[in-house]
Amino acid sequence: MQQKYNPHVIEREAQKYWEKSAAFRAAESPDKPKYYCLSMFPYPSGKLHMGHVRNYTIGDVLTRYYRMKGYNVLQPMGWDAFGLPAENAAMANGVPPARWTYDNIVDMKKQLASLGFAIDWSRELATCRPEYYRWNQWLFLRMLEKGLVYKKTGVVNWDPVDQTVLANEQVIDGRGSGWPERVKTMQANWIGKSFGVRFAFPYELPAGSNLPSPSGRGAGGEGGASEAQAPDKGLLWVFTTRADTIMGVTFCAVAAEHALAARAARDNAKLTAFVEECRRCSVTEADLATMEKKGMPTGLTVTHPLTGEPVPVWVGNYVLMAYGEGAVMGVPGHDQRDFDFATRQRLPIKPVIKPRGGALELPLKAAHLEYGVCFNSGQYDGLDYEQAVDTIAADLQAKGLGEKQVLYRLRDWGISRQRYWGTPIPIIHCDHCGDVPVPDGDLPVVLPEDCVPDGTGNPLAKREDFLKCKCPKCGKPARRETDTMDTFVDSSWYYLRYACPDNGGHMVDERVQYWLPVDQYIGGIEHAILHLLYSRFWTKVMRDLGLVTLEEPFTNLLTQGMVLNEIYSRRSESGRIAYYNPAEVEVTQDDRGSRNAVLRADGQPVDFGGLGTMSKSKNNGVDPQELIDHYGADIARFFMMFTSPPEDTLVWSDAGVEGAARYLRRLWTFAWRFSKTATKSSDALRGAALPKELAGVRREVHAVLKQANYDIRRHQFNTVASAAMKILNALERAPETGPARNAVAHEGLGILLRLLSPITPHVSHHLWRELGFGKDVLAAPWPEPDPSALIEEEIELVVQVNGRKRGDVRVPRDADSKAIETIVLADPAVRKFVNGQPVKKVVVVPGRLVNVVV
RNA sequence: GCCGGGAUGGCGGAAUUGGUAGACGCAGCGGACUCAAAAUCCGCCGGUGGCAACACCAUGAGAGUUCGAUUCUCUCUCCCGGCACCA
């Protein structure tokens with residue numbers, strides 16, 4: 001055995017061993033429980049970043065752990081290879097996106113290999129290959145047949161929150177695992193199921209003023225806008241979750257795209273301009289919520305369905321055409337947006353809800369949002385929220401002007417992109433037959449890979465060889481669709497394809513039945529909504545088509561935290577900010593922690609800008625390749641696992657990496673010295689009583705192992721790494737000589753190398769062989785603590801008086817409460833603090849503490 | 001703005017069901033080894049007072065429940081993630 005730890009040599013050796021023995025090739029095997037461990041596949045940007053390293057290390061730790069626990073484990077890898085960056089790179093370098101992407105894949109695969117991940121590369125896939133994306137196209141056509149592509153209801157009626165998330169949960173040690181609560185809550189809010197009332201304000205327009213036909217509206221078909229046959233009379237439909245406030249309506253607001261707005265704008269130039277302005281502005285939620293509430297009167301009035309009073313109609317920039325009816329009732333007294341709008345437009349505010357058993361403070365300074373009791377509301381006065389909603393909904397229904405309704409915030413998924421580097425949408429435009437789906441037999445519609453986008457639109461539009469085709473229906477010349485699919489389509493089902501990447505004839509086959517669902521999915525929290533929701537949606541579609549029997553694609557989800565680093569900058573006199581990589585900055589700290597940072601290059605101070613995600617713009621990235629080149633994979637992996645729990649953010653620290661290196665060198669040195677002195681037998685442990693000190697060391701090793709096994713099951717890998725440190729510390733404390741010591745060290749090293757092997761597989765592999773434990777640590781069983789090593793004759797109890805620690809006592813292991821009480825009350829420290837006062841009670845927590853209450 | 005999450009020494013973090021706050025590591029300080037430095041090893045290391053024994057304070061701020069709260073409840077402050085064409 002070498003005296004010096006040389007990570008690069010042993011890592012290359014271990015990786016060769018795994019490659020030669022095809023160690024990570026996963027085959028369907030019915031005699032073992034399966035474990036499908038999946039990390040989110042990377043976008044092939046060209047270089048791994050630290051987030052990837054962290055993500056895949058977490059996945060690899062689980063993969064190797066479950067394998068040693070006897071599972072048949074699959075850990076695949078692939079490439080989320082379509083997307084915008086390739087087009088941007090293409091424009092910058094004049095290289096086709098395909099070429100750029102494939103080159104990047106080669107580079108990144110090499111990097112992944114150098115980290116020693118237990119990946120089954122035989123299942124590798126890239127979403128930009130026709131043999132993958134043809135199934136995007138195929139499934140798109142199935143959805144088209146089913147009407148899912150157009151039909152709004154197909155999407156929104158799916159309510160995962162009420163379905164199987166909880167039912168599928170796996171329970172570990174009595175603790176719910178599965179999906180983090182916050183992800184479920186976020187998705188639930190995103191879907192945004194809300195219960196309310198849909199109702200209408202009747203109106204009459206001057207005769208002969210036909211409404212233009214509605215645009216872009218799917219559901220809510222019989223709404224006011226489509227009452228075009230009755231030009232004089234119409235209904236303005238709205239949705240509200242607060243029907244109890246209906247008597248407080250002082251206006252209505254419609255979206256700029258609403259038919260009534262268009263009607264009113266026809267002979268009103270100012271309103272036309274305003275409608276145009278609204279159309280142009282952003283529709284993101286954040287902007288909508290914070291922008292100024294602008295509006296303009298349409299000059300039209302509608303009739304309140306319950307009071308019969310006239311209500312003015314406004315166009316409001318805060319009303320979203322895509323949600324509900326594209327129109328809202330305005331109740332400024334009880335809705336903050338309406339309040340802002342009414343205040344700005346000097347519209348009346350009519351409060352109609354007051355706190356139960358109290359009064360409103362008038363005039364209102366802000367909308368009163370809490371539920372309460374109706375007042376100022378005619379026949380509804382005195383009703384509470386539920387009674388009011390029920391009564392009002394019934395009254396509206398009686399007039400044929402409304403009903404209760406469930407509405408979802410979830411919008412349609414617009415999947416088409418005006419981009420080149422994506423899956424072609426398999427549609428053909430024919431002048432005679434309209435939009436015609438490409439027949440299954442003609443799939444895939446292959447994306448030409450030699451285009452170079454130049455920033456002037458989709459290059460496919462200029463490719464005659466792509467565009468020109470025959471209409472599948474009538475055979476006449478026709479044109480192909482040039483839009484491509486959102487890349488979220490690619491990532492919505494790739495985890496199924498890993499089960500059967502070689503099947504040229506079908507999208508999925510029976511191997512999906514074996515491997516799926518994914519037992520553990522690992523990725524960034526930033527994907528908690530979109531990607532995960534799309535994947536679940538996609539799975540349900542495939543289930544409905546009979547392609548899979550899965551209810552949910554992922555049983556457990558681990559959302560890993562981001563990798564942060566310090567940010568340093570300097571503002572020049574011109575006001576421009578220059579960012580400096582933390583590696584170029586020398587930081588000194590006094591013992592109070594105040595920080596002094598200077599740039600190494602010039603010795604001048606730089607500003608510390610806090611912590612931020614590693615990014616190009618802040619120039620605070622650390623290249624994983626440099627880390628691996630310098631320290632090797634095991635040290636990088638150990639640092640990643642030790643520094644933070646997987647779900648928390650991880651702050652980069654050069655000193656922390658150095659600490660990880662120090663530990664592994666210390667482990668190596670210990671193993672080396674052991675190899676010089678030890679016999680290869682642990683027989684001395686059996687039967688023979690160990691000296692007290694060695695028994696203590698052994699007890700600690702097993703106690704730490706017990707805790708570590710709990711921690712690894714709950715995915716708290718930082719304390720597993722720290723357990724490995726504690727075990728080495730304990731072994732180093734043992735006296736240096738003697739067969740009993742060697743036996744304890746031998747057993748301890750055997751435990752330690754196995755415990756470490758998921759985190760630092762290379763050094764574990766090497767030392768396992770070198771010290772004669774066996775041929776392959778991966779084939780060894782996971783270590784379990786020996787209960788007999790944990791037994792102590794005397795245990796230590798903490799003694800409290802009135803909940804404050806006042807000392808500790810040693811008592812026999814099997815002492816009962818009574819005996820403990822007697823011992824404790826006789827303790828001098830206790831007597832001092834009891835100080836003659838009567839003892840009210842004594843709380844004994846077995847094995848932990850005793851609290852004397854006076 | 002809405003939704004979600006978080007806050008513990010100089011730093012990363014630990015504390016399993018409410019039971020010794022600060023495990024393990026980093027940084028720092030002191031010492032050994034060395035001609036010297038690096039590496040390595042040993043010791044100290046939340047704050048205040050005290051020679052010390054020890055006492056008091058302390059888990060973002062404020063209240064509450066409890067024999068006992070980092071942990072449970074309420075209010076507040078600050079930081080982070082998502083918000084639908086970035087992936």
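Note that these values count all heavy atoms, side chains included, but never hydrogens, waters or copies made by symmetry. Letters A, B, ... are given to chains in the order of the sequence lines, protein chains preceding strands, and every chain is numbered from 1.
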Chemist: If you only use heavy atoms from C-beta on, which nucleotide in B:rA87, B:rC85, B:rC24 is closest to the side chain of A:Asp80?
Modeler: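 The answer is B:rA87, which lies nearest to the side chain.
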Chemist: Considering only atom C1', compute the distance from B:rU65 to B:rU73 and round it to an integer number of Å.
Modeler: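 The answer is 8 Å between these two C1' atoms.
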Chemist: Starting from P on B:rC42, measure out to CZ on A:Arg733 and report it in whole angstrom.
Modeler: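 So the CZ-P distance, A:Arg733 to B:rC42, works out to 11 Å.
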Chemist: Among B:rA27, B:rA55, B:rC24, which nucleotide sits nearest the side chain of A:Phe833?
Modeler: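 Nearest nucleotide to the side chain: B:rA55.
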Chemist: Under a 4.0 Å N-O cut-off, is there an ion pair linking A:Glu658 with A:Arg665?
Modeler: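 So A:Glu658 pairs with A:Arg665 through a salt bridge.
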Chemist: Of all the choices, B:rC85, B:rG19, B:rC67, which nucleotide is nearest to the side chain of A:Lys841 once you look at every atom?
Modeler: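 Closest of the options to the side chain of A:Lys841: B:rC67.
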Chemist: Expressed in angstrom and rounded to an integer, what is the separation of A:Met485 atom CE from B:rC85 atom P?
Modeler: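 Whole-Å distance recorded here is 16 Å.
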Chemist: If you define the side chain from C-beta out and look only at heavy atoms, does anything of A:Pro44 sit under 4.5 Å from A:Thr101?
Modeler: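 Yes, close enough: below the 4.5 Å cut-off.
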Chemist: For A:Lys726 and B:rA14, what is the distance between atoms NZ and P respectively, to the nearest whole Å?
Modeler: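 It works out to 11 Å between those atoms.
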Chemist: If I pick the C1' atom on B:rG25 and the same atom on B:rG18, what distance separates them, to the nearest angstrom?
Modeler: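 Roughly 28 Å separates the two C1' atoms.
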Chemist: If you define the side chain from C-beta out and look only at heavy atoms, does anything of A:Val850 sit under 4.5 Å from A:Val809?
Modeler: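 The answer is no, as the side chains (C-beta and beyond) never meet within the 4.5 Å cut-off.
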Chemist: Starting at atom CD of A:Glu566, determine the distance to atom P of B:rG10, rounded to an integer number of angstrom.
Modeler: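 Taking CD of A:Glu566 and P of B:rG10, I get 17 Å after rounding.
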Chemist: Using the side chain to side chain donor-acceptor pair (under 3.5 Å) rule, take A:Trp493 and A:Asn136 through it: C-alpha gap first, then chi angles, then the decisive distance, then the call.
Modeler: CA-CA 9 Å; A:Trp493 69 281; A:Asn136 287 347; 2.7 Å; yes
Chemist: Considering only atom P, compute the distance from B:rA7 to B:rU59 and round it to an integer number of Å.
Modeler: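 B:rA7 and B:rU59 have their P atoms separated by 14 Å.
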Chemist: What is the nucleic acid contact for A:Ser644, judged by heavy atoms within less than 4.0 Å: base, sugar-phosphate only, or nothing?
Modeler: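 Sugar-phosphate only.
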Chemist: Within less than 4.0 Å of OP1 or OP2 of B:rG19, is there a side-chain N or O belonging to A:Arg804?
Modeler: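 Checking A:Arg804 against B:rG19: no side-chain N or O falls below 4.0 Å of OP1 or OP2.
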Chemist: Distance check needed: B:rA87 C1' versus A:Phe488 CZ, whole Å only.
Modeler: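 After rounding, the gap between these two atoms is 7 Å.
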Chemist: With a 6.0 Å cut-off (strictly less than), is the heavy-atom count around CZ of A:Arg810, excluding the residue itself, greater than 12?
Modeler: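 More than 12 within 6.0 Å, yes.
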Chemist: Look at the side chain of A:Leu84 and decide which nucleotide, out of B:rC86, B:rC26, B:rA14, has an atom nearest to it.
Modeler: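 The answer is B:rC86, which lies nearest to the side chain.
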Chemist: When the P atoms of B:rA15 and B:rC72 are compared, how many Å lie between them, rounded to an integer?
Modeler: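 B:rC72 and B:rA15 have their P atoms separated by 14 Å.
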Chemist: Out of B:rU40, B:rG81, B:rA87, which has the shortest distance to the side chain of A:Arg662?
Modeler: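 The nucleotide sitting nearest to the side chain is B:rU40.
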Chemist: Given B:rA14, is OP1 or OP2 found less than 4.0 Å from the side-chain N or O atoms of A:Asn718?
Modeler: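 True: A:Asn718 side-chain N/O within range (under 4.0 Å) of B:rA14 OP1/OP2.
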Chemist: Taking the side chain of A:Gln418 as heavy atoms from C-beta outward, which of B:rC85, B:rU17, B:rG25 is closest to it?
Modeler: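 Per side-chain heavy atoms of A:Gln418, the pick is B:rC85.
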Chemist: Would you kindly compare A:Gly83 and A:Thr613 by the position of their nearest RNA chain B nucleotide and give the one closer to the 5′ end?
Modeler: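 Per heavy-atom nearest nucleotide, the more 5' residue is A:Thr613.
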Chemist: Can you classify the ring geometry of A:Phe41 versus A:Tyr494 as parallel (below 30°), tilted (30 to 60°) or perpendicular (above 60°)?
Modeler: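 A:Phe41 and A:Tyr494: parallel rings.
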Chemist: Less than 4.0 angstrom between a side-chain N/O of A:Asn729 and OP1 or OP2 of B:rA23, yes or no?
Modeler: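 No, because none of the side-chain N or O atoms of A:Asn729 sits under 4.0 Å from OP1 or OP2 of B:rA23.
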Chemist: Starting from the 5' end of RNA chain B, give me the residue, A:Glu732 or A:Ala723, whose nearest nucleotide shows up first.
Modeler: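 In this pair, the answer is A:Ala723.
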Chemist: Base of B:rG47 relative to its sugar, syn (within 90° of 0) or anti?
Modeler: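 You should classify B:rG47 as anti.
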Chemist: What's the gap between B:rG22 and B:rA14 when it is taken at their C1' atoms, as a whole Å value?
Modeler: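 B:rG22 and B:rA14 have their C1' atoms separated by 7 Å.
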Chemist: Nearest whole angstrom, please: distance from the C1' of B:rG82 to the CG of A:Leu533.
Modeler: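 Spelled out: CG on A:Leu533 to C1' on B:rG82 is 12 Å.
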Chemist: For the pair made of CG in A:Leu557 and P in B:rG81, what is the distance, rounded to whole Å?
Modeler: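 My rounded result for the distance is 19 Å.
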Chemist: Considering only the C1' atoms, how many Å lie between B:rA55 and B:rC3, rounded to the nearest integer?
Modeler: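 Taking atom C1' in both B:rA55 and B:rC3, they lie 48 Å apart.
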Chemist: So if I take every side-chain heavy atom of A:Ser722 and compare against B:rC67, B:rC24, B:rA27, which nucleotide ends up nearest?
Modeler: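 Looking only at side-chain atoms, A:Ser722 lies closest to B:rC24.
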Chemist: Base, sugar-phosphate alone, or nothing: which one does A:Pro42 contact when heavy atoms must sit under 4.0 Å apart?
Modeler: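 Since no nucleic acid heavy atom lies under 4.0 Å of A:Pro42, the category is nothing.
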Chemist: Ring centres of A:Phe82 and A:Tyr133 under 6.0 Å apart?
Modeler: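 Ring centres of A:Tyr133 and A:Phe82 closer than 6.0 Å.
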Chemist: Between atom CZ in A:Arg665 and atom P in B:rA38, what is the gap in whole Å?
Modeler: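 Distance check: A:Arg665 CZ to B:rA38 P gives 15 Å.
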Chemist: Heavy atoms only, 4.0 Å cut-off, all strands: where does A:Tyr43 land among base, sugar-phosphate and nothing?
Modeler: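 Result for A:Tyr43 = sugar-phosphate.
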Chemist: When we call it a touch if two heavy atoms are under 4.0 Å apart, what does A:Ser491 touch: a base, just sugar-phosphate, or nothing?
Modeler: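 Answer is nothing: A:Ser491 stays at 4.0 Å or more from every strand.
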Chemist: Strictly below 4.0 Å: does A:Arg806 bring a side-chain N or O up to OP1 or OP2 of B:rA55?
Modeler: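 Checking A:Arg806 against B:rA55: at least one side-chain N or O falls below 4.0 Å of OP1 or OP2.
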Chemist: Using the C1' atom in both, what is the distance from B:rG82 to B:rG28, to the nearest Å?
Modeler: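 These two C1' atoms come out 40 Å apart once rounded.
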Chemist: Looking only at atom C1', what distance separates B:rA21 and B:rC85, rounded to whole Å?
Modeler: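 About 49 Å, rounded to a whole number of Å.
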Chemist: How is A:Tyr663 classified with respect to the nucleic acid when contacts are heavy atoms under 4.0 Å: base, sugar-phosphate, or nothing?
Modeler: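 Contact class for A:Tyr663: none.
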Chemist: Compute the ring centroids of A:Trp538 and A:Phe488, then answer whether they are less than 6.0 Å apart.
Modeler: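 Judged by ring-centre distance (under 6.0 Å), A:Trp538 and A:Phe488 do not meet the cut-off.
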Chemist: Please tell me if A:Gln716 has a side-chain N or O lying less than 4.0 Å from either OP1 or OP2 of B:rA23.
Modeler: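 No, A:Gln716 has no side-chain N/O under 4.0 Å of OP1/OP2 on B:rA23.
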Chemist: Can you list the stems that include RNA chain B, where a stem is three or more consecutive Watson-Crick or G-U pairs with distances under 3.5 Å?
Modeler: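 Counting only runs of 3 or more consecutive pairs, the stems involving RNA chain B are B:1-7 with B:77-83, B:10-12 with B:24-26, B:28-32 with B:40-44, B:46-49 with B:54-57, B:60-64 with B:72-76.
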Chemist: Which pairs would a plain distance check flag for residues 699-706 of chain A, meaning a side-chain donor or acceptor within less than 3.5 Å of a matching protein atom at least two apart in sequence or in another chain?
Modeler:
from	atom 1	to	atom 2	distance (Å)
A:Arg699	NH1	A:Glu792	OE2	3.4
A:Glu700	OE1	A:Arg733	NH2	2.7
A:His702	ND1	A:Asp786	N	2.9
A:His702	NE2	A:Glu747	OE1	3.2
A:His702	NE2	A:Glu747	OE2	3.1

Chemist: Which one, B:rU20, B:rA14, B:rG19, comes nearest to the side chain of A:Lys805?
Modeler: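 Out of B:rU20, B:rA14, B:rG19, the nucleotide with an atom closest to A:Lys805's side chain is B:rU20.
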Chemist: For the side chain to side chain contact (heavy atoms under 4.5 Å, CB included) test, which of A:Ile820, A:Val824, A:Ile823, A:Asp808 pairs with A:Leu797?
Modeler: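 Exactly one pass, corresponding to A:Ile820.
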